[in-house]
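The residues of the chain are indexed from 1 along the displayed sequence. Everything numeric here is computed off the predicted structure, so don't read it as measured data.
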Amino acid sequence: MRFIIRVVVNAFAIWVVTLITALQVTIIPFPPGETLQLVLTLLLVAAIFAIVNTIIGTVIKVLAFPLYILTLGLIGLVINAFLLWLTAWITSFWNWGLRVEDFWLGLVAAIIISLINWVFGIILRPQTKD
């Protein structure tokens, strides 16, 4: 259940980023490109992003631990941008998916995605009862 919520929140965050045209991040939906295909494409891209972030992101974050200390965590922004770019690269093999035109604009997009995920994480966090 937690993975499904994470995918839906990621899909929403990616959709918000694609609305900001200056970032040059786009979603190419499944043919014929109607609303349903756009939603399904967003969900699939978000699932791929969640899997990439879970598997490859964890390995990179463990290996880059000294850089986290040296940069006071700012390397995490670059790593998140790399993971977003990697997701776009994975989906570029098909005629649908995520497209990130510039790595540095992808960095800004990754920051926005992280902020949206953070806000929804606070809202959707299970409340403990004392």
Side-chain angles (χ1 to χ4, degrees):
M1 184 67 178
R2 190 177 276 169
F3 181 76
I4 294 172
I5 293 172
R6 184 174 172 190
V7 167
V8 170
V9 170
N10 271 333
F12 175 75
I14 292 170
W15 176 70
V16 168
V17 165
T18 60
L19 294 178
I20 305 170
T21 56
L23 294 179
Q24 299 176 358
V25 176
T26 56
I27 286 286
I28 299 171
F30 295 115
E34 300 296 325
T35 304
L36 176 63
Q37 287 85 9
L38 177 65
V39 171
L40 291 175
T41 305
L42 279 167
L43 289 172
L44 191 56
V45 167
I48 293 170
F49 183 60
I51 292 169
V52 165
N53 204 355
T54 301
I55 297 171
I56 298 172
T58 303
V59 172
I60 291 174
K61 290 171 186 174
V62 168
L63 293 176
F65 182 70
L67 289 175
Y68 273 94
I69 294 171
L70 288 174
T71 63
L72 302 174
L74 292 177
I75 192 70
L77 300 175
V78 176
I79 290 172
N80 285 341
F82 171 73
L83 295 173
L84 185 68
W85 176 82
L86 185 62
T87 303
W89 180 75
I90 290 170
T91 61
S92 70
F93 293 111
W94 300 287
N95 291 329
W96 55 268
L98 182 68
R99 301 295 183 262
V100 179
E101 300 299 325
D102 184 43
F103 180 80
W104 299 109
L105 292 175
L107 175 71
V108 176
I111 291 170
I112 294 170
I113 290 171
S114 297
L115 287 173
I116 292 171
N117 282 326
W118 175 70
V119 168
F120 275 100
I122 290 172
I123 295 170
L124 298 174
R125 181 175 298 138
Q127 302 296 324
T128 58
K129 294 184 181 184
D130 294 329

I need the minimum non-hydrogen distance between G106 and V100, along with the two atoms involved.
CA-CG1, 3.9 Å

Which heavy-atom pair separates S114 from N80 by the least distance, and what is that distance?
OG-ND2, 3.5 Å

What pairs of residues pass the side chain to side chain donor-acceptor pair (under 3.5 Å) test when at least one of them lies in residues 2-31, not counting sequence neighbours?
R6-T54, N10-N117

Interatomic distance, CD1@I116 vs CD1@I14, rounded to 0.5 Å, equals 10.0 Å

To the nearest 0.5 Å, tell me how far L67 CG sits from L74 CG.
11.5 Å

Taking the six-membered ring for Trp, are the ring centroids of F12 and F120 within less than 6.0 Å of each other?
yes

How long is the span from the CD1 atom in I51 to the CD1 atom in I56, to the nearest 0.5 Å?
10.5 Å

Please enumerate all residues that pass side-chain contact (heavy atoms from CB on, under 4.5 Å) together with F65, with sequence neighbours excluded.
I69

ILVMFWY cluster membership beyond V59 - transitive side-chain contacts under 4.5 angstrom
L63

In a table with atom names and distances, give each donor-acceptor pair under 3.5 Å that connects a side chain of residues 87-99 to protein atoms at least two apart or in another chain.
unit_1 : atom_1 : unit_2 : atom_2 : d
T87    : OG1    : L83    : O      : 2.9
T91    : OG1    : T87    : O      : 3.2
T91    : OG1    : A88    : O      : 3.2
T91    : OG1    : L98    : N      : 3.1
T91    : OG1    : L98    : O      : 3.3
S92    : OG     : W89    : O      : 2.6
R99    : NH2    : W94    : O      : 3.3

Side chain to side chain donor-acceptor pair (under 3.5 Å) pairs, two or more places apart, involving residues 55-69
none

Residues forming a side-chain contact (heavy atoms from CB on, under 4.5 Å) with L43, sequence neighbours excluded:
V7, V8, A11, V39

Residues passing the side-chain contact (heavy atoms from CB on, under 4.5 Å) test with P32, sequence neighbours excluded, are E34, Q37

What pair of heavy atoms forms the shortest contact from F3 to A50, and how long is it?
CE1-CB, 3.8 Å

ring-ring contact (aromatic ring centres under 6.0 Å, His included) pairs, two or more places apart, involving residues 31-62
none

I111 side, atom CD1; L84 side, atom CG - distance, nearest 0.5 Å
11.5 Å

What are the two closest heavy atoms between T41 and P29, and how far apart are they?
OG1-CA, 3.3 Å

What is the distance from atom CG of N53 to atom CD1 of I79, rounded to the nearest 0.5 Å?
10.0 Å

Residue list, side-chain contact (heavy atoms from CB on, under 4.5 Å) with V119, at least two apart or on another chain
I123

Return yes when atom CD1 of I4 has more than 12 non-hydrogen atoms of other residues, nucleotides or ligands closer than 6.0 Å, and no otherwise.
no

W118: ring-ring contact (aromatic ring centres under 6.0 Å, His included) partners, not counting sequence neighbours
none

